[in-house]
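Below: one structure, written as structure tokens.
Just so it is clear, the structure is predicted and the values come from calculations on it, not from any experiment. The sequence lines fix the lettering, A, B, ..., with proteins before strands; numbering per chain opens at 1.
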2 protein chains.
Amino acid sequence: MIITPMQQSLISHFGEMGSRWGLNRTLGQMYALIVLTEEPLNADQISDALLISRSNVSMGIKELKSWNLIKLHHIPGDRKEYFSAPKDIWEIARTLIIERRKRELDPTLSTFRDALLQDPANEADKYTQQRVQDMHDLMEMVTIWSTELQNMSSDKLSTLLKLGSGVGKILDAKEKFLKK
Amino acid sequence: MIITPMQQSLISHFGEMGSRWGLNRTLGQMYALIVLTEEPLNADQISDALLISRSNVSMGIKELKSWNLIKLHHIPGDRKEYFSAPKDIWEIARTLIIERRKRELDPTLSTFRDALLQDPANEADKYTQQRVQDMHDLMEMVTIWSTELQNMSSDKLSTLLKLGSGVGKILDAKEKFLKK
DNA sequence: CTGAATTTTCAGTAATTACTGAAAATTGTA
DNA sequence: TACAATTTTCAGTAATTACTGAAAATTCAG
């Protein structure tokens with residue numbers, strides 16, 4: 001498992017960004033390596049390539065599995081387990097949306113709902129509830145969107161994203177459409 | 001500065017979630033307190049309410065300022081600076097989108113571009129570049145979207161989000177629209 | 001300009017998170 | 001079933017990140 005300079009710089013970058021996400025440096029590096037390599041890799045290869053301990057790889061793999069970000073492979077006659085990333089980048093993106101929603105949105109929505117069910121003890125609570133209501137409504141809409149994206153095929157997702165700067169126009173198109 | 005139990009539980013939750021984001025616990029708590037309180041607060045009040053040092057508040061404020069998440073106020077005859085959050089939740093959301101893009105997407109896009117400009121040294125690099133190209137294209141589209149959202153008024157943003165589960169239909173509407 | 005009020009900085013320390021090596025558990029083949 | 005290959009777990013430690021108090025810097029009223 002030899003890493004080219006090009007790969008090395010991308011892996012380093014993912015390491016730095018990894019910590020800016022919910023992940024950590026090692027996890028970012030591991031996933032970069034897996035994504036950028038065509039052939040599935042086993043844990044020893046990852047350990048060698050990134051100069052991290054075998055046990056660290058094991059924990060990283062476990063985490064990546066919990067994010068549904070890797071596919072498992074078996075090579076006949078080889079007892080080792082091999083790992084790869086989906087070849088379709090949209091699939092990876094979709095998975096990230098789903099998992100981040102689970103981790104970042106869902107628990108918060110549930111906390112918001114709890115707060116909204118309580119009786120406000122005073123004026124401060126009334127104001128607090130107003131704000132929570134706003135945040136709740138927004139987050140719920142984002143959740144609905146992400147669910148929609150989750151069920152969208154890669155090519156439809158691609159079409160949607162490519163609309164890009166045309167989002168505003170689409171809204172107008174939609175109005176026309178609805179008025180008929 | 002007395003915190004109600006309802007506020008306390010929301011603040012705690014934001015603290016926990018804060019670390020799941022790029023922020024940290026204290027920053028999450030500080031922002032929760034500011035968002036949930038109607039009146040602007042000064043640094044001492046925040047320090048008292050959250051039981052953290054004055055200097056920690058100072059660093060937190062600095063960070064929140066760098067995220068453009070707080071508004072500054074001055075009360076005549078009082079030299080202290082007071083902080084509040086925008087009352088429009090959409091404004092906060094918009095700011096978050098912009099800032100996260102700056103921090104999470106832009107540097108990565110730039111690293112991708114660098115890699116794509118290099119000459120592939122071998123087959124591994126060729127494959128790596130393919131994957132980088134895919135990721136680049138996706139991220140660029142997300143960036144365009146986020147720029148679009150950034151320039152969208154709160155009510156248009158709201159309209160867009162409310163489409164929610166109708167996104168698929170809109171795409172169809174768009175096709176009809178374009179075919180004319 | 002002076003000095004009290006306020007904010008910011010920063011070195012030291014505390015708390016948290018990440019990583020390792022050794023040992024335990026699991027897997028699969030003979 | 002026995003055992004070698006492989007993976008996972010976990011206690012200890014290293015590295016990183018967050019927090020504090022004291023001191024420095026800034027602000028502004030008189």
Side-chain angles (χ1 to χ4, degrees), chain A residues 1 11-34 40-67 69-84 103, chain B residues 1 11-12 14-34 40-67 69-84 103-104:
Chain A
M1 189 65 235
I11 288 170
S12 299
H13 180 81
F14 269 74
E16 284 163 41
M17 295 309 286
S19 32
R20 207 167 285 193
W21 274 56
L23 319 166
N24 62 44
R25 190 165 38 81
T26 309
L27 218 58
Q29 294 182 175
M30 281 180 55
Y31 202 58
L33 178 65
I34 292 171
L41 299 173
N42 67 42
D44 287 321
Q45 291 174 307
I46 297 172
S47 170
D48 287 353
L50 302 179
L51 304 173
I52 58 180
S53 74
R54 186 47 247 271
S55 52
N56 201 2
V57 173
S58 179
M59 293 187 298
I61 294 290
K62 191 177 164 188
E63 184 86 2
L64 290 175
K65 278 179 184 167
S66 86
W67 278 79
L69 283 170
I70 47 173
K71 291 183 179 300
L72 309 180
H73 304 260
H74 288 280
I75 298 185
D78 188 341
R79 284 177 58 181
K80 289 196 170 70
E81 198 161 37
Y82 288 76
F83 310 99
S84 72
R103 289 165 167 77
Chain B
M1 189 66 236
I11 289 169
S12 300
F14 269 75
E16 283 162 43
M17 295 310 286
S19 31
R20 208 168 284 195
W21 275 55
L23 319 165
N24 63 43
R25 189 163 39 81
T26 309
L27 218 58
Q29 294 182 173
M30 281 181 57
Y31 202 58
L33 178 65
I34 293 171
L41 299 173
N42 67 43
D44 287 320
Q45 291 173 306
I46 297 173
S47 169
D48 288 353
L50 302 179
L51 304 172
I52 57 180
S53 74
R54 186 47 246 273
S55 53
N56 201 2
V57 173
S58 180
M59 293 186 298
I61 294 291
K62 191 178 165 187
E63 184 84 4
L64 289 176
K65 278 180 185 167
S66 85
W67 278 78
L69 283 171
I70 47 173
K71 292 182 178 300
L72 309 180
H73 305 260
H74 289 281
I75 298 185
D78 187 341
R79 283 176 58 182
K80 288 197 171 69
E81 198 161 38
Y82 288 77
F83 311 99
S84 73
R103 290 165 167 77
E104 299 180 0

Problem set entry | Those residues that, when tested against A:H74, pass side chain to side chain contact (heavy atoms under 4.5 Å, CB included) (two or more places apart) |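 Listed in chain order: A:E81.
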
Problem set entry | Contacts of type side chain to side chain contact (heavy atoms under 4.5 Å, CB included), residue B:Y31, not counting sequence neighbours |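 Residues passing side chain to side chain contact (heavy atoms under 4.5 Å, CB included) with B:Y31: B:V35, B:L64, B:L69, B:I70, B:A85, B:P86, B:I92.
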
Taking atom [atom2] of [N] as reference, at what distance in whole Å does atom [atom1] of [X] sit?
{"X": "A:M30", "N": "C:dA18", "atom1": "CE", "atom2": "P", "value": "14 Å"}
{"X": "A:L27", "N": "C:dC19", "atom1": "CG", "atom2": "C1'", "value": "13 Å"}
{"X": "B:Q29", "N": "D:dA18", "atom1": "CD", "atom2": "C1'", "value": "12 Å"}
{"X": "B:I46", "N": "C:dT6", "atom1": "CD1", "atom2": "P", "value": "15 Å"}

For this session: Strictly below 4.0 Å, heavy-atom distances to any atom of DNA chain D: list the hits from residues 70-77 of chain B, or just say none.
Result: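 Residues of residues 70-77 of chain B that come under 4.0 Å of DNA chain D do not exist, since none gets that close.
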
Exercise. Which value, rounded to the nearest 0.5 Å, describes the distance between A:L41 atom CG and A:M30 atom CE?
Worked result: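 Answer rounded to 0.5 Å: 9.5 Å.
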
Exercise. How long is the span from the NE2 atom in A:H73 to the CZ atom in A:F83, to the nearest 0.5 Å?
Worked result: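 That separation rounds to 9.5 Å.
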
Exercise. Which angle, rounded to 10°, do you find between the first-five-pair axis and the last-five-pair axis of the helix from C:dC1-D:dG30 to C:dA30-D:dT1?
Worked result: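 End-to-end axis angle: 30°.
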
For this session: Applying salt bridge (charged side-chain N to carboxylate O under 4.0 Å, His left out), name anything that partners A:R79, two or more places apart in sequence or on another chain.
Result: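 None.
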
For this session: Could you check if a side-chain atom of B:L72 sits within less than 4.5 angstrom of a side-chain atom of B:K65, using non-hydrogen atoms only?
Result: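 Of all side-chain heavy-atom pairs linking B:K65 with B:L72, at least one is under 4.5 Å.
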
What pairs of donor and acceptor atoms, side-chain ones from residues 45-58 of chain A against any protein atom, are under 3.5 angstrom apart with sequence neighbours left out?
residue, atom, partner, partner atom, Å
A:Q45, OE1, A:N42, N, 2.8
A:S47, OG, A:I52, O, 2.7
A:S53, OG, A:S55, OG, 3.2
A:S53, OG, A:N56, N, 3.1

Polar atom pairs between nucleotides 12-15 of chain D and protein, under 3.5 Å, N or O only, would you list them?
none

Exercise. Which part of the nucleic acid, if any, lies within reach of B:N56 when heavy atoms closer than 4.0 Å are counted: base, sugar-phosphate only, or nothing?
Worked result: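 Here B:N56 touches the bases of the nucleic acid.
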
Exercise. B:T26 near the nucleic acid: base, sugar-phosphate alone, or nothing, with a heavy-atom cut-off under 4.0 Å?
Worked result: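 Answer is sugar-phosphate: B:T26 comes under 4.0 Å of backbone atoms only.
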
Tabulated below should be each protein N or O lying under 3.5 Å from an N or O of nucleotides 4-8 of chain D; please produce it.
residue, atom, partner, partner atom, Å
D:dA5, N3, A:R79, NH2, 3.2
D:dT7, OP1, A:E81, N, 3.2
D:dT7, OP2, A:R54, NH1, 2.7
D:dT8, OP2, A:S58, OG, 3.2

Just distance, no hydrogens or angles: give the donor-acceptor pairs under 3.5 Å from side chains in residues 18-25 of chain A, sequence neighbours left out.
residue, atom, partner, partner atom, Å
A:S19, OG, A:E16, O, 2.9
A:R20, NH1, B:R103, O, 3.1
A:N24, OD1, A:T26, N, 3.1
A:N24, OD1, A:L27, N, 3.0

